[in-house]
Number of protein chains: 2
Amino acid sequence: MKWKELEEEPCSMARTIGVIGDRWTLLILRECFLRTRRFEGFQSALGITRHLLAERLKKLVRLGILRRIPYQEAPKRHEYILTQKGLDLYPIMMALVHWGDTHMVDERGRPLLHQHHKCGKNFDPVMVCSECGEPLLAKEVHTHPGPGAQSPLTIAAPDKPKAKARRSAA
Amino acid sequence: MKWKELEEEPCSMARTIGVIGDRWTLLILRECFLRTRRFEGFQSALGITRHLLAERLKKLVRLGILRRIPYQEAPKRHEYILTQKGLDLYPIMMALVHWGDTHMVDERGRPLLHQHHKCGKNFDPVMVCSECGEPLLAKEVHTHPGPGAQSPLTIAAPDKPKAKARRSAA
DNA sequence: TCTTTACAGTTCTAAAATAGAACTGTCAAC
DNA sequence: GTTGACAGTTCTATTTTAGAACTGTAAAGA
């Protein structure tokens, strides 16, 4: 499966993965949320090769997740800033951090604490139901096809004959 | 940067990315949450090559995200079931789906709806503060180093001399 | 003026990961 | 005794990444 194909799957998760589902893109976005904005900033913070960084930044701009804004003329220079679409990735970032905080910390504890302006406390992110406000558990959620569905299950209609025919074709 | 190194970075997000930050792993986990449990099930639903599927399942088992449980003797067969550690990835999955629902749907609408058992309604996941219950916005959160920090900022202490010295070394 | 530095890339080659297909092996059913 | 389900493993070819060097503009300093 190519990356491009992912973006066309009838599954919101697959499409999202097609956009941000690789290591470097995710790390670049982490830096964006930490207020890094410039090429050199990303490069030195991440140790990513310049080649890949340039390529990923282009992709994020093309997808409307970052905006490329000039901050000086003369030698033309640009900053990369999160758009609203990019800012909307925040829950994903927080969910990733929280899982790491829960399952991947060593004996020293969390590398980073998060403080909420509104209440002033260090917090954990909690995912709740938009309708009743209760925390969401996988077992308490039932999925069913929406208007954009193509298969009775969520996802990835295996509409490629290959998938099933693979062995009998031999 | 190698995948192994990621898991040792002083950043919970980097560590999480080291575990689940690739396309196929994420898609395999999606299938797990949709109750797929067997090798052939994953393979035909995803179209992943058998080689990679075997490799990724091993990794997920090694990391304690899936458990490999025999479901028949004779030809020994196993199922792959989410552990609690794996189930805890649910907010990440939901956050990915929700972003896709918001920004990647086509004119037909969402491929999949989610219904909450407790309240019976279709819902969106909302990420809130564990302390005050208010929805979290990136701009209202301040990060500061925790006990496991190694750099004043969250993350990725660029402790590799290469990062800065790269040009002057030439 | 000449050199160095900051910055933002681009362009190579080598190494690693992934795709794609076929092969292995056990057992049940036809 | 042949076929099919299932769960892998083993190949080669293609794509991606890593790693390092090179390009080019302009400011700062010797």
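Every chain is numbered from 1 and lettered A, B, ... according to where its sequence line falls, protein lines coming before strand lines. Since we're looking at a predicted model, the values are computed, not measured.
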B/Glu40 side chain: which of D/dC6, D/dA18, C/dT18 is closest?
D/dC6
When you measure only distances, ignoring hydrogens and angles, does the side chain of B/Arg50 come within 3.5 Å of the base of D/dA7 through a donor and an acceptor?
yes
Take atom CD of A/Glu79 and atom P of C/dC7, then tell me their distance rounded to the nearest Å.
12 Å
Could you tell me if B/Asn122 and A/His144 have a donor-acceptor pair between their side chains, going purely by distance under 3.5 Å?
yes
Write down the distance between CD (A/Gln72) and P (D/dA26), rounded to a whole number of angstrom.
10 Å
B/Leu53 CG - D/dC6 P separation (whole Å)
14 Å
A/Phe39 side chain: which of C/dA8, C/dT18, C/dT11 is closest?
C/dA8
A/Thr36 side chain vs A/Gly41 backbone, donor-acceptor pair below 3.5 Å
no
Kindly give the heavy-atom pair with the smallest separation between B/Arg15 and B/Glu9, and that separation in Å.
NE-O, 2.7 Å
Within 45 degrees of the axis of the six-membered ring of B/Phe42 and under 6.0 Å from its centre: does B/Arg50 put its NZ or CZ there?
no
For A/Thr83 and A/Arg67, does a side-chain donor sit closer than 3.5 Å to a side-chain acceptor?
no
Given D/dT17, C/dT10, C/dT18, the nucleotide with the shortest approach to the side chain of A/Leu52
D/dT17
Nearest whole Å is fine: how far is D/dA18 P from B/Glu5 CD?
10 Å
Specify the separation, in whole Å, of atom CD of A/Gln43 and atom P of C/dA6.
13 Å
Report yes or no: is the cationic atom of B/Arg38 (NZ for Lys, CZ for Arg) closer than 6.0 Å to the six-membered ring centre of B/Tyr71, at no more than 45° off its axis?
yes
How many whole angstroms separate atom NE2 of A/His51 from atom P of C/dT11?
10 Å
Using side chain to side chain contact (heavy atoms under 4.5 Å, CB included), reason through B/Leu29 and B/Leu82 one step at a time and then give a plain yes or no.
CA-CA 9 Å; B/Leu29 288 167; B/Leu82 287 165; 4.0 Å; yes
Under 4.0 Å, counting only non-hydrogen atoms across every strand here, what does B/Tyr80 touch: a base, just sugar-phosphate, or nothing?
sugar-phosphate
In terms of side-chain heavy atoms, does B/Arg68 have a donor or acceptor partner in B/Tyr80 at a distance below 3.5 Å?
yes
If you assign A/Lys76 and A/Arg23 each to the DNA chain D nucleotide with the nearest heavy atom, which residue ends up on the more 5' nucleotide?
A/Arg23
Using the closest heavy atom to pick a nucleotide of DNA chain C for each, name whichever of A/Glu55 or A/Arg77 lands nearer the 5' end.
A/Arg77
Give a yes/no on whether any side-chain N or O of B/Trp24 is located under 4.0 angstrom from OP1 or OP2 of C/dA17.
no
Phosphate contact (D/dG8 OP1 or OP2) by B/Arg68 side-chain N/O below 4.0 Å
yes
Provide, to the nearest angstrom, the distance between the CG atom belonging to A/Leu57 and the P atom belonging to C/dT10.
10 Å
Hey, are the side chains of A/Met94 and A/Phe123 touching, using non-hydrogen atoms and a 4.5 Å cut-off?
yes
I need the CG-P distance between A/Leu27 and D/dT17, as an integer number of Å.
13 Å
Would you tabulate the pairs of protein nitrogen or oxygen atoms and nucleotide nitrogen or oxygen atoms of nucleotides 27-30 of chain C closer than 3.5 angstrom?
from	atom 1	to	atom 2	distance (Å)
C/dC27	OP1	B/Ala74	O	3.4

Give me the residues of residues 58-66 of chain A where at least one heavy atom lies under 4.0 Å from an atom of DNA chain D, by number, or none.
none
With a cut-off of less than 4.0 Å, is there a side-chain N or O of A/Arg38 near OP1 or OP2 of C/dA6?
no
Honestly curious: do A/Val19 and A/Val61 fall in one hydrophobic cluster under the side-chain, below-4.5 Å linking rule?
yes
